[in-house]
Enquirer: 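Handing you this structure, nothing more for now.
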Amino acid sequence: MFKLRIPAQAALDRIGFREERRGTRQSVTYADLRGFVSSRRLGAFLRWFGDSADRESARDCLRREIFEELGEVGLPHLRTMVASLSFTLVRAVTEAPRTVPGRSYRQFRHIEVYELGRSAAEDRFRRALLRTARSGETPGVVLSTSSEIISGRCRAVLVGPQSAYLFGVRRVREDLPPAAAQ
């Protein structure tokens, strides 16, 4: 989830953007670019998003998210490798607004898929993740096939339908209802 920079608030207020939830400065969700905008203001929001310097870049977002996730799944020793990771854009997919199961709003998604670079450091990082996934000793790290992604399950783990964009440009299943707010 992209993070906002402080100057973004004025532009987002003009667009009519409402945050989904407000976190405290200590919260992991603080300044997340997650919220609501009316359908008639979606174009203005997308122009802001595409032009704005008031949010993280996609690559900075990826690095931060990977850093956070490594801690959450019990692999903090790999965090030292994250700052040097590079990424190449593979594809961008835009989904038209869709009804969200169990909710009274529609959701627009723009998803960008990036490939990890091929330097020696990135190869070490890749091998460490694959070793962990193959060992099965870290429940929060799974290695799934395209067939498992399409079916929505990798052993006991649910796999979100947006994961299909890792290998194509088509959605293969409908979304699951969102988990209850935490």
Side-chain angles (χ1 to χ4, degrees), residues 1-5 19-35 55-93 95 100-103 107 109-169 171-182:
M1 179 59 53
F2 285 97
K3 295 286 187 185
L4 298 170
R5 297 198 175 101
E19 286 183 65
E20 181 178 27
R21 61 180 170 236
R22 293 197 183 270
T24 63
R25 283 206 180 272
Q26 294 75 33
S27 172
V28 173
T29 63
Y30 176 75
D32 275 0
L33 181 53
R34 179 190 304 261
R55 64 170 176 82
E56 282 180 309
S57 71
R59 288 165 178 86
D60 287 344
C61 179
L62 274 169
R63 284 185 203 96
R64 181 185 47 75
E65 287 284 348
I66 290 169
F67 185 90
E68 290 172 5
E69 294 297 326
L70 288 170
E72 288 181 25
V73 299
L75 300 173
H77 60 283
L78 296 181
R79 286 176 156 180
T80 58
M81 303 170 95
V82 173
S84 64
L85 298 179
S86 67
F87 305 95
T88 303
L89 179 65
V90 173
R91 75 182 57 80
V93 180
E95 293 182 351
V100 177
R103 298 293 195 256
Q107 178 173 270
R109 278 188 181 141
H110 175 78
I111 297 171
E112 294 180 0
V113 176
Y114 288 82
E115 181 176 29
L116 183 60
R118 296 285 176 183
S119 72
E122 289 155 342
D123 285 342
R124 280 192 300 278
F125 181 73
R126 185 182 291 106
R127 283 192 306 274
L129 284 178
L130 288 170
R131 214 175 14 257
T132 300
R134 288 180 179 130
S135 77
E137 295 172 4
T138 307
V141 179
V142 296
L143 180 61
S144 62
T145 65
S146 57
S147 296
E148 290 168 325
I149 290 171
I150 289 169
S151 75
R153 282 203 178 274
C154 179
R155 295 178 299 283
V157 177
L158 293 176
V159 180
Q162 64 274 18
S163 300
Y165 295 133
L166 291 170
F167 54 83
V169 296
R171 169 179 275 278
V172 295
R173 291 181 281 107
E174 291 303 311
D175 282 339
L176 296 169
Q182 301 169 23

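The chain is numbered in sequence order, starting from 1. No hydrogens, no waters, no symmetry mates; every other heavy atom, side chains included, goes into these values.
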Enquirer: Could you point out which residue of His110, Arg171, Gln162 forms a side-chain hydrogen bond (donor to acceptor under 3.5 Å, both in side chains) with Glu95?
Expert: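 Between Glu95 and the candidates, side-chain hydrogen bond (donor to acceptor under 3.5 Å, both in side chains) is satisfied uniquely by Arg171.
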Enquirer: To the closest 0.5 Å, what do you measure between CG (Asp60) and CZ (Phe2)?
Expert: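 Interatomic distance, Asp60 CG to Phe2 CZ, rounded to 0.5 Å: 10.0 Å.
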Enquirer: Minimum heavy-atom separation for Val73 and Val141, please, with both atom names.
Expert: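 Heavy-atom minimum between the residues: CG2-CG2, 3.8 Å.
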Enquirer: If you compare all heavy atoms of Asp32 against all heavy atoms of Leu4, which two are closest, and at what distance to 0.1 Å?
Expert: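 Distance-wise, the nearest heavy atoms are O-CD1, 4.2 Å.
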Enquirer: Please report the C-alpha distance between Tyr114 and Leu62 in whole Å, then the side-chain angles of each, then the deciding distance to 0.1 Å, and finally whether the side-chain contact (heavy atoms from CB on, under 4.5 Å) criterion is met.
Expert: CA-CA 9 Å; Tyr114 288 82; Leu62 274 169; 3.7 Å; yes
Enquirer: Check whether any side-chain N or O of Thr132 sits under 3.5 Å from a backbone N or O of Ala128 as a donor-acceptor pair, and report yes or no.
Expert: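 Present.
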Enquirer: Is it true that a side-chain atom of Arg63 and a backbone atom of Leu85 form a donor plus acceptor pair closer than 3.5 Å?
Expert: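 It does hold such a pair.
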Enquirer: For the pair Arg59 and Glu56, find out whether any cationic side-chain nitrogen is under 4.0 Å from an anionic carboxylate oxygen.
Expert: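 Not counted as a salt bridge, because no side-chain N and carboxylate O are separated by less than 4.0 Å.
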Enquirer: Could you measure the distance from the CZ atom of Arg173 to the OG atom of Ser163? Nearest 0.5 Å is fine.
Expert: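 Taking CZ in Arg173 and OG in Ser163, the distance rounds to 7.5 Å.
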Enquirer: Show, in sequence, the C-alpha distance, side-chain angles and deciding distance for Arg153 and Glu148, and conclude whether the salt bridge (charged side-chain N to carboxylate O under 4.0 Å, His left out) test is met.
Expert: CA-CA 5 Å; Arg153 282 203 178 274; Glu148 290 168 325; over 6 Å; no
Enquirer: Counting only N and O atoms by type, is there a donor-acceptor contact under 3.5 Å from the side chain of Ser135 to the main-chain atoms of Glu137?
Expert: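 Judged by distance alone, yes, a pair lies under 3.5 Å.
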Enquirer: Would you name the heavy atoms of Val142 and Ala133 that are closest together and state the gap between them?
Expert: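 Heavy-atom minimum between the residues: C-CB, 4.1 Å.
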Enquirer: Go through the side-chain N and O atoms of Glu122 and Ser119 and say whether any donor and acceptor fall under 3.5 Å apart.
Expert: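 Distance-only check passes for Glu122 and Ser119.
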Enquirer: Would you say the side chain of Ile66 lies within less than 4.5 Å of the side chain of Phe125, judging by non-hydrogen atoms?
Expert: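 A side-chain contact under 4.5 Å exists here.
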Enquirer: Can you check salt bridge (charged side-chain N to carboxylate O under 4.0 Å, His left out) on Glu20 and Arg34, steps first, answer last?
Expert: CA-CA 6 Å; Glu20 181 178 27; Arg34 179 190 304 261; 3.4 Å; yes
Enquirer: How far apart are the closest heavy atoms of Arg79 and Gly71, and which atoms are they?
Expert: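 Taking every non-hydrogen atom into account, NH2-CA, 3.3 Å.
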Enquirer: Indicate yes or no: at least one non-hydrogen side-chain atom of Leu129 is less than 4.5 angstrom from one of Leu75.
Expert: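 In short, these two side chains touch, coming nearer than 4.5 Å.
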Enquirer: Side chain of Glu65, backbone of Met1: donor and acceptor closer than 3.5 Å?
Expert: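 At least one qualifying donor-acceptor pair exists.
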Enquirer: Any donor-acceptor pair under 3.5 Å linking the side chain of Arg126 with the backbone of Leu116?
Expert: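 The answer is yes, because a donor-acceptor pair under 3.5 Å joins these two groups.
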Enquirer: Under the salt bridge (charged side-chain N to carboxylate O under 4.0 Å, His left out) rule, what do Arg109 and Asp175 come out as? Steps first, then yes or no, please.
Expert: CA-CA 12 Å; Arg109 278 188 181 141; Asp175 282 339; 3.2 Å; yes
Enquirer: Any non-hydrogen side-chain atom of Val113 less than 4.5 Å from a side-chain atom of Phe167?
Expert: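 No - every pair of side-chain heavy atoms lies 4.5 Å or more apart.
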Enquirer: Is Arg55 reaching over with its side chain to a backbone N or O of Leu33, donor-acceptor style, under 3.5 angstrom?
Expert: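 Checked: no pair found.
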Enquirer: How many angstroms lie between CZ in Arg118 and OG1 in Thr88, if you round to the nearest 0.5 Å?
Expert: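 Spacing of CZ (Arg118) from OG1 (Thr88) equals 9.5 Å.
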Enquirer: Can you tell me how far apart CG (Leu166) and OG (Ser144) are? Round to the nearest 0.5 Å.
Expert: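 One finds 8.0 Å between CG of Leu166 and OG of Ser144.
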